[in-house]
S.K.: 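Can you read through this structure? Questions will come right after.
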Amino acid sequence: MLHQLQTTFQNSLTSYHNNQFLKHIRPNPKTPVETQLALYRNSIIARFQKALKATYPVCQQLVGDDFFLAMAREFIEVTVSRSPDLNDYGKDFPDFINTFPPTQSLPYLADTTRLEWAWHQITGAPDQTSFDYKGLAACYEAHGERIIFTLPQRSTLLASLYPVHQIWESNQKNYQGDNTITLAADQQYYFLIWRDQSELRIDHLNEREWYILNLVTRLIPLAEVCEQASSVFPEVDVAALLSNWVKSGWIAGFIVN
């Protein structure tokens with residue numbers, strides 16, 4: 001009964017259309033039960049809206065404040081927060097936008113918010129530790145191609161049909177560049193969003209780099225990465241690429257299967 005009561009209360013807090021919890025509120029001659037619930041509901045929804053605005057400022061600029069708040073309210077109504085940390089709230093917002101009928105005329109908006117979520121994630125990522133080259137050499141000698149490489153913590157690989165990096169950049173504070181953005185047909189963009197010590201980066205990838213780095217994110221052994229990558233890009237020296245990525249920071253660590 002307690003779990004059911006808590007669930008009913010939670011659902012009533014995030015929906016203006018759900019009043020099932022009203023029957024559980026003790027009547028007060030000075031304050032109607034509707035008002036009592038509204039005090040909590042308005043506070044909770046406003047807090048979630050504020051969190052979404054902080055995470056997705058570019059999206060807010062693109063659609064306007066009123067539209068954004070209305071869209072956020074719709075999202076809040078169908079999304080349950082499962083973390084006590086508001087920084088974790090809003091991960092599914094891009095997927096919601098992708099199917100939200102009023103935003104279908106802005107096909108680039110969902111991917112732009114995906115970039116924003118990735119940026120939000122790496123903002124709170126810890127600094128990378130120095131790569132253990134000696135440890136890698138010893139590990140390779142002992143375990144060979146069973147080594148599994150890892151990307152920087154909270155990094156994100158993103159592919160989009162739209163130049164979302166330009167959309168994002170042109171909507172940053174103090175941006176003074178060209179605001180003209182061309183949406184080219186049949187164009188594919190690839191990115192790695194990651195943190196290089198204190199520097200937050202959006203690196204552009206080609207299709208080959210994006211494909212191989214995606215293999216790395218699957219935490220499969222080095223031998224399998226090389227085998228799968230070579231079957232698609234036979235002309236590429238995968239081992240040499242991975243070595244270069246260790247030096248550039250795209251490969252941040254390793255484990256053994």
Side-chain angles (χ1 to χ4, degrees), residues 14-15 45-83 85-125 151-173 175 177-195 200-207 209-211 213-214 217-218:
T14 56
S15 173
I45 291 178
R47 186 171 298 179
F48 282 142
Q49 288 175 318
K50 183 177 180 180
L52 291 172
K53 288 174 66 175
T55 303
Y56 298 105
V58 171
C59 179
Q60 181 188 358
Q61 291 183 61
L62 291 173
V63 301
D65 191 57
D66 290 343
F67 185 96
F68 183 89
L69 290 176
M71 179 169 62
R73 189 166 64 243
E74 294 286 337
F75 172 74
I76 293 165
E77 187 158 339
V78 298
T79 307
V80 176
S81 175
R82 301 190 181 279
S83 170
D85 187 351
L86 276 178
N87 287 317
D88 297 331
Y89 185 72
K91 178 181 179 180
D92 298 327
F93 196 47
D95 292 336
F96 173 82
I97 289 175
N98 196 46
T99 59
F100 190 50
T103 59
Q104 297 311 294
S105 61
L106 303 173
Y108 52 83
L109 189 62
D111 281 353
T112 302
T113 53
R114 288 189 177 96
L115 190 153
E116 287 199 274
W117 178 258
W119 191 262
H120 172 71
Q121 285 290 97
I122 62 170
T123 299
L151 270 60
Q153 292 189 54
R154 301 191 190 180
S155 59
T156 299
L157 288 168
L158 177 64
S160 177
L161 294 172
Y162 308 99
V164 292
H165 61 300
Q166 296 177 5
I167 297 172
W168 178 87
E169 183 181 21
S170 64
N171 282 277
Q172 298 304 303
K173 291 182 179 179
Y175 176 75
D178 187 0
N179 287 316
T180 303
I181 298 174
T182 302
L183 302 180
D186 301 322
Q187 178 70 52
Q188 188 78 33
Y189 300 89
Y190 303 99
F191 309 99
L192 173 65
I193 300 98
W194 65 296
R195 180 172 178 174
L200 309 185
R201 298 180 53 166
I202 302 175
D203 286 357
H204 300 249
L205 310 176
N206 57 41
E207 182 181 10
E209 292 169 334
W210 185 83
Y211 179 85
L213 286 173
N214 261 292
T217 64
R218 291 166 52 189

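Counting begins at 1 with the first residue of the sequence. Keep in mind the model is a prediction, meaning the values are calculated, not measured.
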S.K.: Please enumerate all residues that pass side chain to side chain contact (heavy atoms under 4.5 Å, CB included) together with D186, with sequence neighbours excluded.
M.R.: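 In terms of side chain to side chain contact (heavy atoms under 4.5 Å, CB included), with neighbours along the sequence ignored, D186 is linked to no residue.
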S.K.: Going by heavy atoms in the side chains, are I122 and T156 under 4.5 Å from each other?
M.R.: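 Heavy-atom side-chain distance check fails, nothing below 4.5 Å.
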S.K.: Are the side chains of L109 and C59 in touch, meaning some heavy atoms are under 4.5 Å apart?
M.R.: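 Yes, their side chains come closer than 4.5 Å.
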S.K.: I'd like to check H120 versus N87 (side-chain heavy atoms, cut-off strictly below 4.5 Å). Are they in contact?
M.R.: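 The answer is yes, as the side chains (C-beta and beyond) meet within the 4.5 Å cut-off.
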S.K.: Kindly check if the number of other-residue, nucleotide or ligand heavy atoms within 6.0 Å of CD (Q153) is above 12?
M.R.: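 For Q153, atom CD is not crowded (no more than 12 foreign heavy atoms under 6.0 Å).
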S.K.: State the CZ-CZ distance between F93 and F100, to the nearest 0.5 angstrom.
M.R.: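 Here the rounded value is 8.5 Å.
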S.K.: Please identify each residue that fulfils side chain to side chain contact (heavy atoms under 4.5 Å, CB included) with Q104, with sequence neighbours left out.
M.R.: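 Counting only residues at least two positions away or on another chain, Q104 forms no side chain to side chain contact (heavy atoms under 4.5 Å, CB included).
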S.K.: Does S83 form a side-chain hydrogen bond (donor to acceptor under 3.5 Å, both in side chains) with D85? I'd like the steps, not just the answer.
M.R.: CA-CA 5 Å; S83 170; D85 187 351; 5.5 Å; no
S.K.: With the side chain counted from C-beta on, respond yes when L115 and V58 share a heavy-atom pair under 4.5 Å apart, and no when they do not.
M.R.: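 Contact flag for L115/V58 side chains = no.
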S.K.: Nearest 0.5 Å, please: how far is CD1 in I97 from OH in Y108?
M.R.: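 Output value for this atom pair is 11.5 Å.
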S.K.: Tell me, please, which residues at least two apart from Y89 pass ring pair (Phe, Tyr, Trp, His ring centres under 6.0 Å).
M.R.: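 Checked Y89 against ring pair (Phe, Tyr, Trp, His ring centres under 6.0 Å); matches are F48, F75.
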S.K.: Please enumerate all residues that pass side chain to side chain contact (heavy atoms under 4.5 Å, CB included) together with N179, with sequence neighbours excluded.
M.R.: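 Side chain to side chain contact (heavy atoms under 4.5 Å, CB included) list for N179, sorted by chain: S170, Y175.
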S.K.: According to side chain to side chain contact (heavy atoms under 4.5 Å, CB included), who are the partners of P107, at least two apart in sequence or on a separate chain?
M.R.: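 P107 satisfies side chain to side chain contact (heavy atoms under 4.5 Å, CB included) with Y162 only.
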S.K.: Mind checking the CZ-CG spacing from R73 to L52? Nearest 0.5 Å is all I need.
M.R.: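 Between atom CZ of R73 and atom CG of L52 there are 12.5 Å.
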S.K.: Sequence neighbours left out, what passes ring pair (Phe, Tyr, Trp, His ring centres under 6.0 Å) with F191? Give chain and number order.
M.R.: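 Listed in chain order: H165, H204.
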S.K.: I want to check something: taking the side chain as every heavy atom from C-beta on, are T79 and F96 in contact at a cut-off of under 4.5 Å?
M.R.: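 They are not in contact (no side-chain heavy atoms under 4.5 Å apart), so the answer is no.
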S.K.: Could you tell me which residues satisfy side-chain hydrogen bond (donor to acceptor under 3.5 Å, both in side chains) with S160, sequence neighbours excluded, listed by chain and number?
M.R.: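 S160 satisfies side-chain hydrogen bond (donor to acceptor under 3.5 Å, both in side chains) with D111 once adjacent residues are dropped.
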S.K.: For residues 159-169, pull every pair meeting salt bridge (Lys or Arg N to Asp or Glu O under 4.0 Å), keeping only residues two or more places apart or in separate chains.
M.R.: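 Listed once each, the pairs would be none.
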S.K.: Could you pull out all residues at least two apart from R201 that satisfy salt bridge (Lys or Arg N to Asp or Glu O under 4.0 Å)?
M.R.: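 In terms of salt bridge (Lys or Arg N to Asp or Glu O under 4.0 Å), with neighbours along the sequence ignored, R201 is linked to D196, D203.
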S.K.: Would you give the length of the straight line joining atom CG of L151 to atom CG of L157, rounded to the nearest 0.5 angstrom?
M.R.: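 Nearest 0.5 Å value for the CG-CG distance: 6.0 Å.
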S.K.: Can you tell me which residue among Y56, W119, W117 is in a ring-ring contact (aromatic ring centres under 6.0 Å, His included) with W168?
M.R.: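 Option passing the ring-ring contact (aromatic ring centres under 6.0 Å, His included) with W168: W119.
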S.K.: Tell me which pairs pass salt bridge (Lys or Arg N to Asp or Glu O under 4.0 Å) where either residue lies in residues 87-97, with sequence neighbours left out.
M.R.: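 Passing the test, one end in residues 87-97: D95-R114.
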S.K.: Determine all donor-acceptor pairs shorter than 3.5 Å in which one atom belongs to a side chain in residues 60-72; sequence neighbours excluded.
M.R.:
from	atom 1	to	atom 2	distance (Å)
Q60	NE2	D65	OD1	2.6
Q61	NE2	N171	O	2.9

S.K.: Please name all residues satisfying side-chain hydrogen bond (donor to acceptor under 3.5 Å, both in side chains) with N214, sequence neighbours left out, ordered by chain then number.
M.R.: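 Testing N214 for side-chain hydrogen bond (donor to acceptor under 3.5 Å, both in side chains), a comparison that skips the adjacent residues, returns none.
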